[in-house]
Amino acid sequence: MAESFLENTELCGELLLKPCSRQNSNTKHILLKYIVPVVAAVLIFVSLLCILRAFKQKNKNSIPSSSDSIQIPEHKMITYHELRRATNDFSEGNMLGIGSYGSVYMGTISDGIVVAVKVLNPKAEGAFKSFDAECKVLQTTRHRNLVKIITSCSNLDFRALIMEYMSNGSLEKWLYSENRNLNLFQRVNIMIDVATTLDYLHYSQSDPIVHCDLKPSNILLDEDMVAHVGDFGIAKILPKAEDAMHTMTLGTIGYVAPEYGSEGRVSVKGDMYSYGIMMLEIVTRKKPTDEMFSGEVSLRQWVSASFPNASLDVVDCV
């Protein structure tokens, strides 16, 4: 029998003169143990990405985006009297919220377009300075995840910004409302939107822009639940030759980086600290100023102490 295979020198086995080496079996073992799982993991990952992309594309095609359904005119001239008519004379029924420097109202301008009107309180210290800072930042930026400023209206005693209306309100309202709920997919997408915006502000400008007051109430959601960063009233334009600057205007307690709060030091790192705190808040649905965080215990320390055995105990059930 063995003589029949003598001419084929590559064959091996017990019936042949040439014994088989262990190389083939070792190669097979390595293939099964390492390569196959890696390839399988890559294929699964790619499949999930394809499914996710198809899901997002389907939603995009089935629901018209705000930019497709509403054509907002740019640089439109709006008078003070038109704003009064649009907001029902700045009535409480049209009020969307109150901030440090003024109030925001919903209004319908003559074109039938719904807008948000941010009216500065002239009696609030630093209100007009905040108005100028926000105009300066937003006139030089353009990004899909920034709240769009349509135009402004001002005179000696009145300042107002007319902005794109965000029909789903703020991230803060979604996190703490009993009638609303964000699933994990939405929360991750919101954080991606905010991160993309920060990358644009910090690294795509001739001079980096530092928001200085990043928090859920300044993250607004449009009808498609796409996040938009707003309220640049205390934002700072950082000279590119410097990595930091000092200011007397502080952000919100709980979100301010330690060096910002104690020294008034502004840098892009301060925004990243605020982003990290906001990310923990979105995952846990706990404000950094919650009454449970007192003394030396903070939101960051509370989450850190939960690793690795009790991490699920701090995560908000979605």
Side-chain angles (χ1 to χ4, degrees), residues 41-67 143-148 164 166-204 211 213-231 252 254-255 257 268-288 290 298-318:
V42 170
L43 290 175
I44 292 173
F45 180 71
V46 172
S47 299
L48 289 175
L49 285 180
C50 292
I51 294 172
L52 180 61
R53 184 175 182 180
F55 177 76
K56 293 184 73 175
Q57 187 64 35
K58 181 180 178 181
N59 284 348
K60 183 178 180 181
N61 292 336
S62 61
I63 304 175
S65 65
S66 56
S67 59
H143 192 274
R144 67 182 294 270
N145 296 116
L146 288 175
V147 175
K148 184 177 181 180
E164 183 180 6
M166 296 286 122
S167 59
N168 272 312
S170 71
L171 172 59
E172 182 178 49
K173 289 183 178 179
W174 276 85
L175 285 176
Y176 302 107
S177 172
E178 295 181 357
N179 303 323
R180 302 177 181 184
N181 184 49
L182 291 171
N183 59 43
L184 182 60
F185 181 78
Q186 290 172 318
R187 298 186 196 206
V188 170
N189 271 345
I190 288 170
M191 293 312 298
I192 291 174
D193 289 339
V194 177
T196 302
T197 311
L198 289 180
D199 179 72
Y200 170 78
L201 293 172
H202 294 170
Y203 303 109
S204 297
H211 187 280
D213 198 20
L214 203 63
K215 56 184 178 180
S217 62
N218 288 337
I219 307 302
L220 303 177
L221 305 170
D222 66 16
E223 62 182 15
D224 299 328
M225 295 302 288
V226 175
H228 299 255
V229 179
D231 198 344
T252 304
Y255 302 92
V268 296
K269 294 180 181 178
D271 275 355
M272 297 314 299
Y273 179 91
S274 301
Y275 177 83
I277 294 297
M278 193 167 65
M279 181 180 289
L280 295 180
E281 183 175 358
I282 287 176
V283 172
T284 63
R285 208 167 66 150
K286 293 287 185 184
K287 293 185 178 182
D290 192 285
S298 65
L299 171 61
R300 180 173 56 84
Q301 292 167 333
W302 178 60
V303 173
S304 180
S306 70
F307 284 97
N309 300 321
S311 56
L312 292 180
D313 295 340
V314 303
V315 174
D316 176 46
C317 296
V318 294

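Quick caveat: nothing in here was measured; it's all calculated off a predicted structure.
In terms of modelled atom types and a separation under 3.5 Å, the side chain of Ser306 and the main chain of Val303 share a donor-acceptor contact. One N or O on the side chain of Trp174 and one on the backbone of Asn168 form a donor-acceptor pair closer than 3.5 Å. Between the side chain of Asp222 and the backbone N or O of Asp224, at least one donor-acceptor pair lies under 3.5 Å. The main-chain N or O of Ile277 is never found under 3.5 Å from a side-chain atom of Arg300 such that the two would form a donor-acceptor pair. Asn145 places a side-chain N or O within donor-acceptor distance of the main-chain N or O of Ala227, the cut-off being under 3.5 Å.
Take Lys287 and apply the side-chain hydrogen bond (donor to acceptor under 3.5 Å, both in side chains) test, not counting sequence neighbours, and it matches Glu172. Every residue two or more places apart in sequence or in another chain that forms a side-chain contact (heavy atoms from CB on, under 4.5 Å) with Lys173 is listed here: Ser170, Arg180. Applying the side-chain hydrogen bond (donor to acceptor under 3.5 Å, both in side chains) test to Asp231 and every residue at least two apart in sequence or in another chain returns Lys118. Taking Asp199 as the reference, Tyr203 meet the side-chain contact (heavy atoms from CB on, under 4.5 Å) condition, with sequence neighbours excluded. Every residue meeting the side-chain hydrogen bond (donor to acceptor under 3.5 Å, both in side chains) condition with Tyr200, not counting sequence neighbours, appears here in chain and number order: Gln205. Among residues two or more places apart in sequence or in another chain, the salt bridge (charged side-chain N to carboxylate O under 4.0 Å, His left out) test is passed with Asp271 by none.
Side-chain contact of Thr252 with Asp213: a donor-acceptor pair under 3.5 Å is present, judged by distance alone.
In this structure, CE in Met225 is found 9.0 Å from OG in Ser167, a value given to the nearest 0.5 Å. Once rounded to the nearest 0.5 Å, the distance linking CG of Asn218 with NZ of Lys215 reads 5.5 Å.
By the 4.5 Å heavy-atom criterion applied to side chains, Val194 and Ile219 are counted as neighbours. In this structure, Leu220 and Leu171 have side chains that are not in contact, with every pair of non-hydrogen atoms separated by 4.5 Å or more. The shortest side-chain heavy-atom distance between Tyr275 and Leu198 falls under the 4.5 Å cut-off. Side-chain contact between Val229 and Asp193: absent, with no pair of heavy atoms (C-beta onward) separated by less than 4.5 Å. Taking the side chain as every heavy atom from C-beta outward, Thr284 and Trp302 approach each other to under 4.5 Å. Within the 4.5 Å cutoff, the side chain of Pro216 has heavy atoms near those of the Tyr255 side chain. Considering only heavy atoms from C-beta on, Ile282 comes within 4.5 Å of Leu175 through its side chain. The shortest distance between side-chain heavy atoms of Leu146 and His143 falls below 4.5 Å.
A side chain to side chain contact (heavy atoms under 4.5 Å, CB included) with Asp316 holds for exactly one of Glu281, Lys286, Arg285; it is Arg285.
Across all non-hydrogen atoms, the minimal contact from Met272 to His202 is SD-CE1, 4.2 Å. Counting all heavy atoms, side chain and backbone alike, Tyr273 lies closest to Ala257 at CD2-CA, 3.4 Å. A pairwise comparison of heavy atoms in His228 and Val226 identifies CD2-O, 3.0 Å as the closest pair.
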